[in-house]
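In what follows, chains are A, B, ... by sequence order, proteins preceding strands, each numbered from 1. Remember, it's a predicted structure, so these values are computed and weren't measured experimentally.
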2 protein chains.
Amino acid sequence: MPRTEAQNQRLKAERRRALLEAARRVFARKGLAASKMTDLAAAAGISYGLVYHYFPDKESVFAALVEESVQQGIQLVAEARQHSGSPWEQLQWLCTRVLDGVQREPSFPLILVQAHASESVPGPVGQALERYSSQFFQQLVTLIEAGQEEGRVVRTPAAELAWMWLATIQGLALMRILPHMNHVPYPKTNTLLRLFAP
Amino acid sequence: MPRTEAQNQRLKAERRRALLEAARRVFARKGLAASKMTDLAAAAGISYGLVYHYFPDKESVFAALVEESVQQGIQLVAEARQHSGSPWEQLQWLCTRVLDGVQREPSFPLILVQAHASESVPGPVGQALERYSSQFFQQLVTLIEAGQEEGRVVRTPAAELAWMWLATIQGLALMRILPHMNHVPYPKTNTLLRLFAP
DNA sequence: GTCTATAGGTGGATAGAC
DNA sequence: GTCTATCCACCTATAGAC
């Protein structure tokens, strides 16, 4: 008796996962339109046609990646808010974690940058992005407001601060793919936190 | 006697200018790869083939726009440094001016965002980008260091501050093309300046 | 499941009429 | 100078062999 159905499912899921990981790097660097199916296949080490066994088309691959990055982002803020300690310490934790994540694997936020820059990622992807933009943003605002209650965060409108913070993170991820200027010192947590300091 | 040669040159330059302006908006929103020559022609109100009378190919149009944005950026910092007043006031002026520029016409910085995101814009465009990244960056660093001498700017390494500032501006330009979230209050000069405050 | 080969479509660049 | 028509390369998606 060969593999069970469950095992097959697991294998397929793993392969799909590996493909996504490869595709994420490609999309992050070149964007949706400039990334060819050939590139995705080559990056994943599989043949051109096989990609279509895991996803119906190119946009679906991209959509899955956007969904993934969105989830990751939302989860990160949620995690920060569950942390013990004051709101300020939660902000601190979040900044450290995000800066570290961007430095080590910028492709996650870069997928979102590309999705934004690609104007009109249609259908389900657009919906995921919208959920992200609103849910993630709202969570962040709440955290900042808590810090303001506490007196550790400047009284600038929380939405404005959250907006700036998001822009900075995306900008940092974007500039991370520049070949030159690698000698520039990567920002420390405290530099990012300076945005909130009273 | 018809138009003189000089007049013809002027006319051609003007048309070229109008085409560039239309193309800038298209490229800024969709990126290099996703923008079709049809889009450029339509945006400029001319026929498909006529674009090729002004530029040899699509990349050349994009290259000209990158060059333009680069010049604009460099000039802006130079202008700030020639201003009367303390380095801190010059930084203040720069932030106000840039924030205003991004809000009114984000397509200038967005061209640079797209150039970065498009990975390897080859040949002359890459060179222009490199000039930008280094020259603009260096000017900014110098300005920040002057502010530090003066004691108005935090002692964080100037390169790190300049890097953060650049990332923030590009991120703001990027998020400016999001359709939703237009109700978010646009950042004020002081919020951006907070990055430098001691 | 995985591959290669192919059909169909899209878009960049050019030729040539006006 | 400006346009339309055409060529050709490339890319997506599918069919079908193994």
Side-chain angles (χ1 to χ4, degrees), chain A residues 1-20 22-23 26-27 29-65 114 118-123 125, chain B residues 1-23 26-27 29-65 114 118-125:
Chain A
M1 183 175 168
R3 290 191 288 264
T4 69
E5 186 58 28
Q7 282 173 325
N8 272 336
Q9 291 293 62
R10 259 182 57 95
L11 260 180
K12 175 156 185 175
E14 274 176 24
R15 293 245 169 74
R16 195 186 130 111
R17 178 90 185 64
L19 170 57
L20 277 177
V26 177
F27 280 133
R29 287 206 161 265
K30 314 219 282 186
L32 173 59
S35 302
K36 315 301 173 198
M37 285 305 240
T38 311
D39 302 329
L40 303 193
I46 62 181
S47 81
Y48 176 86
L50 191 53
V51 181
Y52 287 92
H53 263 80
Y54 295 99
F55 294 93
D57 52 27
K58 192 170 72 165
E59 272 198 351
S60 299
V61 186
F62 191 72
L65 288 169
Q114 296 288 5
S118 292
E119 154 94 331
S120 86
V121 202
V125 196
Chain B
M1 181 175 169
R3 290 192 287 264
T4 70
E5 186 56 27
Q7 281 174 327
N8 272 336
Q9 291 292 61
R10 258 184 58 96
L11 260 180
K12 174 156 186 177
E14 274 175 25
R15 293 245 169 75
R16 195 186 130 108
R17 177 91 185 62
L19 170 57
L20 277 176
E21 201 161 326
V26 178
F27 280 132
R29 287 208 160 263
K30 313 219 283 186
L32 173 59
S35 301
K36 317 299 173 203
M37 284 305 244
T38 312
D39 302 329
L40 303 192
I46 62 181
S47 82
Y48 176 85
L50 190 54
V51 181
Y52 288 92
H53 263 80
Y54 295 99
F55 294 93
D57 51 28
K58 191 170 74 164
E59 273 198 352
S60 299
V61 185
F62 191 71
L65 288 169
Q114 296 287 4
S118 293
E119 154 93 332
S120 85
V121 202
V125 195

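If you check every strand for non-hydrogen atoms under 4.0 Å, B:Y54 touches sugar and phosphate atoms only.
Here D:dT2 presents its C1' atom at 9 Å from CZ of B:R15, a figure rounded to the nearest Å. Nucleotide C:dA5 holds its P atom 16 Å from the CG atom of A:L50, rounded to whole Å. Atoms CG (B:L40) and P (C:dA13) sit 11 Å apart, rounded to a whole Å. In this structure, A:K12 places its NZ atom 6 Å from P of C:dG1, rounding to the nearest Å.
Smallest separation of non-hydrogen atoms from B:G31 and B:Q114: CA-OE1, 3.3 Å. Residues A:K58 and A:S35 approach most closely at NZ-O, 2.9 Å, considering heavy atoms. In this structure, B:D57 and B:M37 approach most closely via the heavy-atom pair C-CE, 4.1 Å. Contact between A:A33 and B:A33 at its shortest, heavy atoms only, is CB-CB, 4.0 Å.
Every residue meeting the side chain to side chain contact (heavy atoms under 4.5 Å, CB included) condition with A:A23, not counting sequence neighbours, appears here in chain and number order: A:F27, A:L40, A:V61, A:L65.
Within the structure, side-chain hydrogen bond (donor to acceptor under 3.5 Å, both in side chains) pairs that include any residue of residues 39-48 of chain A comprise A:K30-A:D39 (at least two apart or interchain).
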Sequence-aligned protein contact record of nucleotides 12-18 of chain D, with B where the base is within under 4.0 Å of a protein heavy atom and S where only the sugar-phosphate is: BBB----
